[in-house]
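The sequence lines fix the lettering, A, B, ..., with proteins before strands; numbering per chain opens at 1.
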There are 2 protein chains.
Amino acid sequence: MTRQPPAPEPLEARLVQAEALCARRGARLTKLRRDVLGLILASPEPVGAYALLDRMREQGASLQPPTVYRALDFLMAQGLVHRLERLNAFVGCHDDAPHDHAAQFFLCTACGKAEEVDDPAIAEAVAATAARRGFAPLRATVEVEGLCAGCALSGSDRGGSSTSPDGPGPHRPHSH
Amino acid sequence: MTRQPPAPEPLEARLVQAEALCARRGARLTKLRRDVLGLILASPEPVGAYALLDRMREQGASLQPPTVYRALDFLMAQGLVHRLERLNAFVGCHDDAPHDHAAQFFLCTACGKAEEVDDPAIAEAVAATAARRGFAPLRATVEVEGLCAGCALSGSDRGGSSTSPDGPGPHRPHSH
DNA sequence: GTCATGCCGCTACGTTATAACATGGCCCAA
DNA sequence: TTGGGCCATGTTATAACGTAGCGGCATGAC
């Protein structure tokens, strides 16, 4: 029990769910697209397009960048994955009935994880400001960088933490 | 009076202001950095790094990408410019005393303009959600794509508009 | 059957960003 | 006045991210 892969079981369930969703919409979740979605869902962190490409190739596929991007476009159109602009990377959508829904992301610079949140208060605040300006919003990107609860604790809690000896080492420096 | 350049006068004033600000902080707004800032402020729309590079070269400078990126890094560190993640482009900061201040951006897909807003309600909504999750935010990216007031009017107002005959032509398609 | 459509393979290229190393100026102290 | 530290910039090369466009092949409609 040195480390338990964080719930390997739901993966297949989520794929099945995605299949059903696409079927209901008349969209075709092909093997390729399903594989890409699987890799994204299996990743504990956001994945870049080229990382996906590499992983697909490791699994024996022989693809070029456009193929992966097309699959990603499809998955985003179905609301099954989100793109994180700050990271140029992709995450699975956490929503059960995904489509347009507005989402916000909290990106931990220490552990690299991205938490999706669907907070109406934020969406409403944005919508209200837009309305006040006569702006007709189509999509909102909300991405907050910082330290997640776990990393904030182990980082500031010097003198009692059992986890990391000197706080969260930056995940990918990612200067930007 | 066929077209009036939108306020050419404040440009120099803003540069002087930026200079003063940097001086106060002990930061050096060199000629290069000042030139880059000038180009960004002079642009009615967000500018990409390579567009800046081209314009600098047109003005006789001979630079490479890293030089521009370093200048941009400096200007961002001083809060004088912001980066728009959706566009991979940069805009001048509208704040008078710029630093960390949280900002939100409304990006018009029709005319390409970016409006900076500094709405405490949005910032607070984000902060509240973060706090609820134990997340320690460092920076928030809020970028809303849609139609600005002007373009929304001329686009939907078919039958009476005097401006554009068939609505706002998309600025840069920018698939993403 | 054959036709349209949608998906995918592939080549090639465009765009955005950074690593790594070299140079040059400025200030200060020895 | 020389040498060293520091910062900004120059230079080369390459990494990382993304797309245009064409052709072939399967599937389902008629």
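- B:Leu37 has its CG atom 16 Å from the P atom of D:dA8, to the nearest Å.
- With DNA chain C read from its 5' end, the first of the two nearest nucleotides for B:Ala51 and B:Arg28 is the one closest to B:Ala51.
- Within residues 56-65 of chain B, the residues that have a heavy atom under 4.0 Å from DNA chain C are, in order of number, B:Pro65.
- Ion pair A:Arg34/A:Glu12 flagged as a salt bridge, since at least one NZ, NE, NH1 or NH2 atom sits closer than 4.0 Å to an Asp/Glu carboxylate oxygen.
- Within 4.0 Å of A:Thr30, counting heavy atoms only, lie sugar-phosphate atoms of the nucleic acid but no base atom.
- Rounded to an integer number of Å, the gap from A:Asp73 CG to C:dC8 P is 12 Å.
- Taking only side-chain nitrogens and oxygens, B:Thr67 never comes nearer than 4.0 Å to OP1 or OP2 of D:dT9.
- For the pair A:Arg139 and B:Glu145, the salt-bridge criterion is met [side-chain N within less than 4.0 Å of a carboxylate O].
- Side-chain atoms of B:Tyr50 and base atoms of C:dA17 include a donor and an acceptor less than 3.5 Å apart.
- Atom CZ in A:Arg33 sits roughly 11 Å away from atom P in C:dG9 (whole-Å rounding).
- Regarding B:Arg70, its CZ atom lies at a distance of 11 Å from the P atom of D:dT11, rounded to whole Å.
- A straight line from CG of A:Leu32 to P of C:dC10 spans 12 Å, rounded to a whole angstrom.
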